[in-house]
Asker: 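Below you will find the structure I want to go over with you.
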Amino acid sequence: MERDESETRTLELPKSRQRVKDKRKTESDDERDENENMSESPQDRAQWKNGLDSLHLQKKAVVVLTRLPEYKISALRPPTPPQFYSEDESLSSSDSDMQWETEDDSSDLECSGQNNAQKNGKSTKTQAFPANSNNDNVPETPFMVSSALAHCSHETTTTRPNLPEEEVKVDMIVLARKRPMRWQRGKVVEMLTKENGRLKYKVSFQEKGWGLVSGHHIAFNKTPKLEQLYVGARVVVRCQENKFWFRPGVLVELPSRQNRLRFLVFMDDHTPAYVGLPLLHLVCRPLEDVLDDIPDSPHKCFMKQYLKDWPYPPLNKYRAGQSCHAELNGVQQRCEVQLVDGSLMQVVFQDNQHKEWIYRGSIRLQSMARYLEWKERGEPKDDSD
């Protein structure tokens, strides 16, 4: 019995030793792996991990487009419309009609379709000048048709916005008319009601003197808001040569890409000027028809036709270096185009080297005057005038 037990212990002893050896071997392998891991730098481990991730993971960029509601799109639109597209856009646009090229660039006219175009917002073909006419006063050069579209129908109107009138008070600083082409800053010292019921404002000018003027002869001293401005608005503009003087005029162009986000104003003496918002001042109580405030003159007739043709007024198309004829001191004289800036161009007269800016649709230009004469003969007269 004792012999059997001793044999059993003898057989178990080698097995026990083998288990101890296997255990020690396993522990030594674990320690060696641990030591190797401790000897690796954090950078090596990071690179090794990134390498594994790149083998199993692939990232893809995804763009998600969400359509905005109509009210948000309307809110993002600028408050003022682009009055004209640039000439390059007009030529490449699918909405623009056939273009007629001219042989003589000095009298090339650019005119947009009216009538139906104003209703549906698209330009239409316009009849060219008759080429076989025997009348020398009729230009033989055809003119171009270009597109002048706006985002919404209300952006091309000349209607005064329906906004509450701002109050004019005593002791209020205003700009008041001192002479037909000179307005100056002053203070309202008294408000008088005449026998005919009209309200007059007594203004004491800052420089000297005082005047009794109507509401359409005073303007707000502050800068107007964009929603108050529209084509046909009666405004006064600060003179750049004298910051204490202001000149009356009519707003004829709102900011757009072509005019580099500026306002175009025609002064009452037919002088055009691009100005920024800080130079503009709204007349406090404009007349129902702002043209009634302009003295009878060719400029008044021009303004009437301009507002009638809006938003498609005819424009001459010129480039720098071209020659043309323009009126100076009552006489048509030859001049050369120096610069073209939006709807304006700077010309220099050859006789006296006089420089000035002229509107490209001005009646001072010989080609435009001839075009208007031709157009007047072709259109039926308005009996209402």
Side-chain angles (χ1 to χ4, degrees), residues 81-87 90 99-100 102 104-115 117-118 123 126-129 137-139 141-150 156 158 231-232 249-254 256 258-260 262-275 291 294 297-320 322-328 332 335 337-347 356-376 378-379:
Q83 306 308 332
F84 303 99
Y85 289 126
S86 66
E87 295 172 359
S90 297
Q99 310 292 330
W100 287 283
T102 130
D104 183 8
D105 291 336
S106 63
S107 60
D108 185 13
L109 285 175
E110 166 184 298
C111 179
S112 298
Q114 302 167 8
N115 301 330
Q118 294 182 3
S123 64
T126 307
Q127 182 180 1
F129 293 121
N137 293 329
V138 179
T141 306
F143 53 90
M144 298 177 63
V145 173
S146 61
S147 299
L149 306 178
T156 57
T158 56
V231 172
V250 177
L251 183 62
V252 295
E253 240 182 64
L254 297 173
S256 68
Q258 183 182 1
N259 62 31
R260 292 184 291 177
R262 294 169 296 174
F263 297 88
L264 180 60
V265 178
F266 287 153
M267 311 302 173
D268 287 355
D269 61 356
H270 197 62
T271 301
Y274 274 124
V275 297
L291 301 184
I294 300 177
S297 60
H299 172 68
K300 185 174 183 177
C301 298
F302 165 79
M303 285 301 308
K304 182 178 181 181
Q305 187 65 40
Y306 180 93
L307 295 177
K308 179 182 177 181
D309 291 340
W310 179 260
Y312 305 97
L315 284 175
N316 283 278
K317 180 178 171 61
Y318 286 103
R319 292 191 298 270
Q322 287 183 310
S323 297
C324 62
H325 285 80
E327 180 270 330
L328 181 64
Q332 286 287 335
C335 56
V337 179
Q338 298 288 301
L339 296 170
V340 177
D341 181 10
S343 299
L344 305 183
M345 63 180 184
Q346 187 186 53
V347 300
E356 66 173 294
W357 287 94
I358 298 179
Y359 176 62
R360 290 196 289 125
S362 172
I363 52 178
R364 293 179 58 191
L365 297 171
Q366 188 180 67
S367 57
M368 182 57 64
R370 290 179 175 179
Y371 162 71
L372 293 176
E373 289 176 5
W374 170 80
K375 183 180 177 183
E376 186 177 356
E379 288 185 351

Asker: Looking at every heavy atom in both Gln332 and Arg364, which two are closest together, and how far apart are they?
Answerer: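 Looks like NE2-O, 3.3 Å.
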Asker: Under the side chain to side chain contact (heavy atoms under 4.5 Å, CB included) criterion, do Ile358 and Glu356 qualify, and how do the steps go?
Answerer: CA-CA 6 Å; Ile358 298 179; Glu356 66 173 294; 4.2 Å; yes
Asker: Is any NZ, NE, NH1 or NH2 atom of the basic residue among Arg260 and Asp341 found under 4.0 Å from an Asp or Glu carboxylate oxygen of the other?
Answerer: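 Yes, Arg260 and Asp341 are salt-bridged.
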Asker: Test Leu344 against Leu264 for side chain to side chain contact (heavy atoms under 4.5 Å, CB included), laying out the working first.
Answerer: CA-CA 9 Å; Leu344 305 183; Leu264 180 60; 4.0 Å; yes
Asker: Whether Lys375 and Asp309 form a salt bridge (side-chain N of Lys/Arg under 4.0 Å from carboxylate O of Asp/Glu) is what I want to check.
Answerer: yes
Asker: With side chains defined as the heavy atoms from C-beta onward, is the minimum distance between Val252 and Phe263 less than 4.5 Å?
Answerer: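 They are not in contact (no side-chain heavy atoms under 4.5 Å apart), so the answer is no.
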Asker: What's the shortest heavy-atom distance between Met368 and Asn316, and which atoms?
Answerer: CE-ND2, 3.2 Å
Asker: Within the 4.5 Å heavy-atom criterion, are Leu365 and Glu327 side-chain neighbours or not?
Answerer: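 No, side chains not in contact.
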Asker: Counting C-beta onward and ignoring hydrogens, is there a side-chain heavy-atom pair between Lys300 and Ser297 closer than 4.5 Å?
Answerer: yes
Asker: So do the side chains of Met345 and Val347 get within less than 4.5 Å of each other, counting heavy atoms only?
Answerer: yes
Asker: Test your reading of the model: is there a side-chain donor-acceptor pair from Arg370 to the backbone of Ser367, 3.5 Å cut-off?
Answerer: no
Asker: Is there a side-chain contact between Val337 and Arg319 in this structure, where contact means two heavy atoms from C-beta onward sitting under 4.5 Å apart?
Answerer: no
